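Here's the structure we're looking at; comments come further down.
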Protein chains: 2
Amino acid sequence: MSKASERTTLADIAQAADVPVGNIYYYFKTKDELVGAVVAAYTSDLRARLASFDRHRTPKARLKDSCVTWQMSGSLPPQYGCPMGTLCSELDKRDDDLEHAAAELLTLSVDWAEQQFRLMGRSDARDLAVALVAANQGISLLTNTLRDPELMSRESHRLDRWIDSLA
Amino acid sequence: MSKASERTTLADIAQAADVPVGNIYYYFKTKDELVGAVVAAYTSDLRARLASFDRHRTPKARLKDSCVTWQMSGSLPPQYGCPMGTLCSELDKRDDDLEHAAAELLTLSVDWAEQQFRLMGRSDARDLAVALVAANQGISLLTNTLRDPELMSRESHRLDRWIDSLA
DNA sequence: GTCTATATTTAGATAGAC
DNA sequence: GTCTATCTAAATATAGAC
């Protein structure tokens with residue numbers, strides 16, 4: 001099999017970190033432990049980002065800022081694929097502690113958005129939150145798969161106008 | 001590594017098909033050839049589905065039907081993950097013929113939807129098409145990751161109303 | 001703490017009996 | 001056409017020198 005499955009190996013990580021492979025095991029007992037550390041870092045980063053939106057006075061401004069922020073984090077080097085989507089499909093198949101890490105990550109975003117729509121007085125806050133997160137995840141998938149950053153920016157603007165249009 | 005990376009192995013496929021592993025090589029020379037066959041089948045299935053929407057008289061009816069159809073194909077057994085999303089993140093990383101298969105699959109859907117919006121007289125047909133496909137992909141990811149089929153049906157209804165609201 | 005060498009495990013692929 | 005046994009390659013993991 002030529003270069004088929006292409007999941008990230010310890011050799012890849014070691015090369016990126018410019019250390020020998022065996023060295024990794026001084027810091028992490030297993031590869032799973034390393035993956036867990038990555039997920040934990042990603043989670044704490046997301047929490048920090050969500051918290052940072054508190055600086056805006058209105059929930060509408062917070063939501064609009066979140067679109068822009070996701071847009072930036074989405075336009076990473078495309079060869080790494082849609083970060084959240086990849087994480088979800090990788091973690092989703094497991095049967096250990098990390099099995100639900102992807103779900104927790106998504107729930108974090110949905111709950112936050114729901115809270116903002118609720119503060120805007122929308123009784124359909126949950127549906128709107130789900131739709132917003134789904135739109136962001138979906139456009140991230142399209143942008144990365146089609147290798148076209150403009151898709152993300154155009155959809156971001158559309159979502160921005162959509163949020164503006166809400167009561 | 002316990003059950004960490006969890007990509008689909010030939011052993012998994014053989015077990016699902018209830019045949020011994022070696023038997024697979026009678027039908028496919030390599031695993032890549034098997035993956036290619038799966039992608040080809042998926043593509044032809046998508047083409048057939050898009051073609052079947054022609055039975056509706058108006059583009060609006062076609063688009064609305066496509067949401068319902070995607071909703072059904074999305075509520076598969078959740079342990080397999082979001083089908084299209086998984087396919088994209090798996091194929092995306094390759095460097096062979098299949099590298100762009102995921103992109104072609106998505107483009108097929110976007111082009112079709114663009115055509116329908118265009119027939120509706122929308123000058124922003126491309127943006128709407130991208131948004132629709134992204135919404136479907138995103139809600140598929142959420143539905144599968146959060147293991148909640150209701151997310152998909154509620155978002156489908158929302159998209160249905162959204163299409164109805166367009167001029 | 002960092003490195004090399006090597007052991008272990010797993011997945012892809014082949015050979016050959018039936 | 002189907003099966004078992006086995007080979008090879010690659011990735012995870014460990015041992016032990018420095």
Side-chain angles (χ1 to χ4, degrees), chain A residues 1-43 77 79-102 105, chain B residues 1-43 77-102 105 144:
Chain A
M1 196 170 185
S2 49
K3 277 200 76 176
S5 67
E6 281 296 12
R7 42 195 244 297
T8 306
T9 69
L10 290 177
D12 297 332
I13 298 169
Q15 191 180 16
D18 201 34
V19 293
V21 272
N23 201 348
I24 295 177
Y25 286 90
Y26 179 77
Y27 298 98
F28 303 99
K29 274 195 289 295
T30 65
K31 187 184 179 182
D32 279 1
E33 199 174 285
L34 184 151
V35 174
V38 170
V39 173
Y42 196 96
T43 304
Q79 63 269 29
Y80 297 118
C82 166
M84 189 67 193
T86 304
L87 207 57
C88 285
S89 38
E90 289 292 320
L91 295 179
D92 202 36
K93 302 165 199 162
R94 304 176 51 123
D95 63 352
D96 59 4
D97 295 9
L98 258 47
E99 188 189 0
H100 298 114
L105 230 33
Chain B
M1 197 170 182
S2 49
K3 280 201 72 175
S5 67
E6 280 297 12
R7 38 195 251 296
T8 306
T9 68
L10 289 178
D12 297 332
I13 297 169
Q15 192 180 17
D18 202 33
V19 293
V21 271
N23 202 347
I24 295 175
Y25 286 92
Y26 178 75
Y27 298 97
F28 303 98
K29 275 194 290 294
T30 63
K31 186 183 179 183
D32 278 2
E33 199 175 284
L34 185 152
V35 173
V38 170
V39 173
Y42 197 97
T43 303
Q79 64 270 27
Y80 297 117
C82 166
M84 188 67 192
T86 304
L87 207 56
C88 286
S89 37
E90 290 292 319
L91 294 179
D92 202 35
K93 303 165 197 160
R94 304 176 51 125
D95 62 354
D96 58 4
D97 295 8
L98 260 46
E99 188 189 0
H100 297 114
L105 230 33
N144 282 285

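Order of the sequence lines fixes the chain letters, A, B, ..., with proteins taken first and strands second; residue numbering starts at 1 for each chain. As the structure is a computational prediction, the values presented were derived from the model and not from experiment.
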Practice task
Name all residues meeting the side-chain hydrogen bond (donor to acceptor under 3.5 Å, both in side chains) criterion together with A/Thr9; count only those two or more places apart in sequence or in a different chain, and write none if there are none.
Solution key: A/Asp12
Exercise for the section: Only pairs at least two apart or in different chains count here, so list each salt bridge (Lys or Arg N to Asp or Glu O under 4.0 Å) that has a residue in residues 17-29 of chain A. Expected result: A/Lys29-A/Glu33
Handout entry: Non-hydrogen atoms of A/Ala14 and A/Pro20 that approach each other most closely
Key = CB-C, 4.1 Å
Handout entry: Closest heavy-atom pair and its distance - A/Ala101, A/Val39
Key = CB-CG1, 3.8 Å
Practice task
Would you write the dot-bracket representation of DNA chain C, where each base gets (, ), [, ], | or . depending on whether it forms a Watson-Crick or G-U pair under 3.5 Å and with which partner?
Solution key: |||||||||||.||||||
Exercise for the section: Could you grab the distance from atom CG of B/Asn23 to atom CG of B/Leu10, nearest 0.5 Å is fine? Expected result: 12.0 Å
Just how far, in rounded Å, is [atom2] of [N] from [atom1] of [X]?
{"X": "B/Tyr25", "N": "D/dT8", "atom1": "OH", "atom2": "C1'", "result": "12 Å"}
{"X": "B/Phe28", "N": "C/dT14", "atom1": "CZ", "atom2": "P", "result": "15 Å"}
{"X": "A/Lys31", "N": "D/dT12", "atom1": "NZ", "atom2": "P", "result": "4 Å"}
{"X": "B/Leu34", "N": "C/dG12", "atom1": "CG", "atom2": "C1'", "result": "12 Å"}
{"X": "A/Glu33", "N": "D/dT12", "atom1": "CD", "atom2": "P", "result": "15 Å"}
{"X": "A/Ile24", "N": "C/dT4", "atom1": "CD1", "atom2": "P", "result": "13 Å"}
{"X": "A/Leu10", "N": "C/dT10", "atom1": "CG", "atom2": "P", "result": "15 Å"}

Report, one pair per line, the protein and nucleotides 1-6 of chain D atoms (nitrogen or oxygen only) whose separation is under 3.5 Å.
{"unit_1": "D/dG1", "atom_1": "OP2", "unit_2": "B/Tyr26", "atom_2": "OH", "d": "2.5"}
{"unit_1": "D/dG1", "atom_1": "O5'", "unit_2": "B/Tyr26", "atom_2": "OH", "d": "3.0"}
{"unit_1": "D/dT2", "atom_1": "OP2", "unit_2": "B/Tyr27", "atom_2": "OH", "d": "2.2"}
{"unit_1": "D/dC3", "atom_1": "OP2", "unit_2": "B/Asn23", "atom_2": "ND2", "d": "3.0"}

Handout entry: side chain to side chain contact (heavy atoms under 4.5 Å, CB included) involving A/Val38 - partner list, sequence neighbours excluded
Key = A/Leu34
Handout entry: Partners passing side chain to side chain contact (heavy atoms under 4.5 Å, CB included) against B/Tyr42 (at least two apart in sequence or in another chain)
Key = B/Pro83, B/Met84, B/Leu87, B/Leu105
